[in-house]
Amino acid sequence: MKFFIRQAAGNIVRHKYKSILHVLIGVLTVLILDIYAGNLDSTQSQLVHLPESMEVSARISSLNGSMRECLAIREDRMMGVRESEYVKDPAFSVRLKFGFGEFKVETPKDTVTYLNHYGRGMNMLKGISGVEGEGVTFLEGVDGSVLETPQKVCLMEESLLKEQGLQIGDDVMLTMYYYRCALEGSEVFIEPLITDTYKIVGSMQTGAYQGNWMPPEIIWPLDCIREAYHRQGLEFFADSGSFVVKDPFQLNKLKAQMYDEVKFLSVISRAEFSYDGNALTIMDEAFIRSAQTLSKNLALLKGMLPFLVAIIIFIGYLCSYLSLQGRREEYAVMRSLGTGRGRSFFLLFGETAMVAALSCLLGSGMGAVFLGLEAGVLALSGALFFLSFMAGTAAALLVLHKLSVMEVLTKKD
């Protein structure tokens with residue numbers, strides 16, 4: 001092995017100008033492959049991380065799409081969304097009116113006197129714009145996940161907390177009424193729901209509230225309110241709903257589940273007005289368009305790979321063939337001195353392999369410095385060049401082995 005290495009290194013030095021030319025051709029080829037591999041890796045990475053950079057969301061609305069809040073979303077539809085394996089961050093709410101203490105509303109005056117505050121049952125603060133972040137303060141050991149439980153707790157608006165002389169951690173008795181929307185038509189009724197005691201586990205600020213309805217002065221866990229409906233024998237309806245698609249690459253499965261199993265409908269703009277929250281709009285156009293573009297680019301780049309391999313094999317064959325044509329006498333002498341076909345093949349093959357390896361190192365180094373490519377990308381382009389180039393070299397050596405040694409030596413004489 002040492003003899004082969006010394007002999008190959010000696011031949012490289014002896015034919016230094018040809019070797020330098022081969023190195024330059026190799027470095028240029030490796031750089032081109034670096035650019036190709038970099039584009040391939042970048043396109044694959046963009047496609048894989050597309051769901052993170054381009055979130056796909058969905059919103060429940062009335063059938064004609066005119067209403068996205070103050071709806072009547074059936075409980076089975078809401079639970080179908082919340083329990084779906086294709087959904088993340090399902091946000092639902094239900095609007096309520098409430099007053100402090102126990103009372104009954106029998107006259108319009110009672111409504112003004114007692115029932116003069118607005119609240120929401122919610123399963124996450126994200127479901128209501130402007131009521132989250134630094135403006136929310138929780139009791140020690142409590143966080144936003146409390147809204148995902150059925151506990152009898154609430155968050156109260158800071159100004160209302162001060163007005164009532166209450167503090168975080170206090171218990172408060174509330175009487176709540178719910179909105180009942182006529183699924184057909186435009187009538188809305190307000191009906192008694194429950195009187196119960198709730199623990200105040202946090203405060204909030206609603207100055208940045210951006211909803212269409214009154215800003216909530218109290219927020220309860222959605223499932224707490226849902227259980228209150230059930231205890232009173234009432235049918236539960238959420239008034240708004242939205243979610244994020246967990247894996248946008250499974251959009252077809254999500255749509256099949258939402259439209260076929262959960263029984264949502266597509267928006268029909270000409271439909272009559274109704275409070276029924278039975279339509280679902282999935283905002284996936286931008287994602288689909290971007291995914292299709294990236295997929296086409298990726299397919300195009302992958303389709304170029306066989307052609308690149310063929311071109312590099314040809315370059316390896318051409319460089320080696322032209323170089324060996326000037327060394328036929330050297331090859332004939334080597335064979336006439338007793339060097340076998342296999343030994344001479346591996347000697348010349350190893351010589352070219354050393355030149356190709358040097359080209360890989362130089363080309364990859366330049367790719368790392370000037371193109372900022374990662375090691376994996378450089379390794380891919382380097383391996384692609386080395387294997388393809390050496391395949392061409394092997395083909396050129398096989399052609400050389402077909403030469404008649406005696407004929408070459410006779411012509412030399």
Side-chain angles (χ1 to χ4, degrees), residues 22-59 84-89 242-258 280-319 353 356-393:
H22 283 187
V23 169
L24 291 176
I25 293 173
V27 168
L28 180 61
T29 306
V30 171
L31 283 175
I32 293 173
L33 285 174
D34 285 343
I35 295 172
Y36 166 79
N39 286 334
L40 183 64
D41 180 70
S42 176
T43 304
Q44 285 180 323
S45 179
Q46 288 180 57
L47 188 59
V48 169
H49 295 96
L50 186 61
E52 300 171 13
S53 59
M54 189 173 290
E55 193 174 73
V56 177
S57 60
R59 187 87 189 192
S84 171
E85 68 270 31
Y86 305 114
V87 168
K88 72 174 182 179
D89 297 338
S242 64
F243 62 87
V244 175
V245 180
K246 182 182 292 183
D247 183 1
F249 290 117
Q250 294 188 335
L251 272 170
N252 290 336
K253 292 182 179 179
L254 169 73
K255 290 178 179 179
Q257 185 183 66
M258 291 295 109
L280 180 68
T281 302
I282 301 175
M283 281 71 82
D284 58 0
E285 295 86 356
F287 178 87
I288 292 174
R289 188 165 53 250
S290 298
Q292 288 176 340
T293 300
L294 289 172
S295 296
K296 288 179 182 178
N297 292 341
L298 186 60
L300 178 62
L301 288 170
K302 288 182 176 180
M304 291 173 59
L305 183 58
F307 297 100
L308 285 174
V309 170
I311 291 171
I312 298 169
I313 291 174
F314 177 74
I315 291 173
Y317 173 83
L318 188 62
C319 289
L358 180 60
S359 299
C360 283
L361 290 174
L362 293 175
S364 297
M366 294 175 69
V369 173
F370 297 109
L371 301 177
L373 299 177
E374 297 180 355
V377 176
L378 296 173
L380 173 64
S381 59
L384 182 63
F385 166 77
F386 185 82
L387 295 175
S388 301
F389 191 88
M390 295 312 299
T393 297

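Taking both residues in full, the closest heavy atoms of Cys319 and His22 are given as O-NE2, 3.4 Å, listed atom of the first, atom of the second, then distance. Among all heavy-atom pairs drawn from Ala58 and Ile282, the shortest one is CB-CG1, 3.9 Å. Minimum interatomic distance between Phe389 and Ala356 (heavy atoms only, all atoms of both residues): CD2-CB, 4.1 Å.
With sequence neighbours left out, Ser290 forms a side chain to side chain donor-acceptor pair (under 3.5 Å) with no residue at all. Residues forming a side chain to side chain donor-acceptor pair (under 3.5 Å) with Thr281 (at least two apart in sequence, or on another chain): none. For Asp89, the salt bridge (charged side-chain N to carboxylate O under 4.0 Å, His left out) criterion is met by Lys126, not counting sequence neighbours. Checked against side-chain contact (heavy atoms from CB on, under 4.5 Å), Ala37 has the following partners two or more places apart in sequence or in another chain: Val377, Leu380, Ser381. Residues that satisfy the side-chain contact (heavy atoms from CB on, under 4.5 Å) test with Val48, not counting sequence neighbours, are absent from this structure. Residues that satisfy the side-chain contact (heavy atoms from CB on, under 4.5 Å) test with Ile311, not counting sequence neighbours, are Ile315. Taking the salt bridge (charged side-chain N to carboxylate O under 4.0 Å, His left out) definition, one finds that Asp41 meets it with nothing, sequence neighbours left out. Scored by the ring-ring contact (aromatic ring centres under 6.0 Å, His included) test, Tyr317 finds Tyr321 as partners (sequence neighbours excluded). Not counting sequence neighbours, the partners of Ser364 by the side-chain contact (heavy atoms from CB on, under 4.5 Å) test are Val30, Leu378.
Checking each of Leu24, Val23, Ile25, Thr29 against Val27 for a side chain to side chain contact (heavy atoms under 4.5 Å, CB included) leaves exactly one that passes, namely Val23.
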Could you pull out every donor-acceptor pair under 3.5 Å between side chains of residues 368-375 and any protein atom, sequence neighbours left out?
none

Could you list the donor-acceptor pairs under 3.5 angstrom formed between side-chain atoms of residues 249-258 and any protein atom two or more places apart in sequence or on another chain?
unit_1, atom_1, unit_2, atom_2, d
Lys255, NZ, Asp284, OD2, 2.6
Gln257, OE1, Ser84, OG, 2.4
Gln257, NE2, Glu85, OE1, 3.4

Side-chain atoms of residues 293-304: list all donor-acceptor pairs with protein atoms under 3.5 Å, sequence neighbours left out, distances to 0.1 Å.
unit_1, atom_1, unit_2, atom_2, d
Thr293, OG1, Arg289, O, 3.0
Ser295, OG, Ala291, O, 2.8
Asn297, ND2, Thr293, O, 3.4

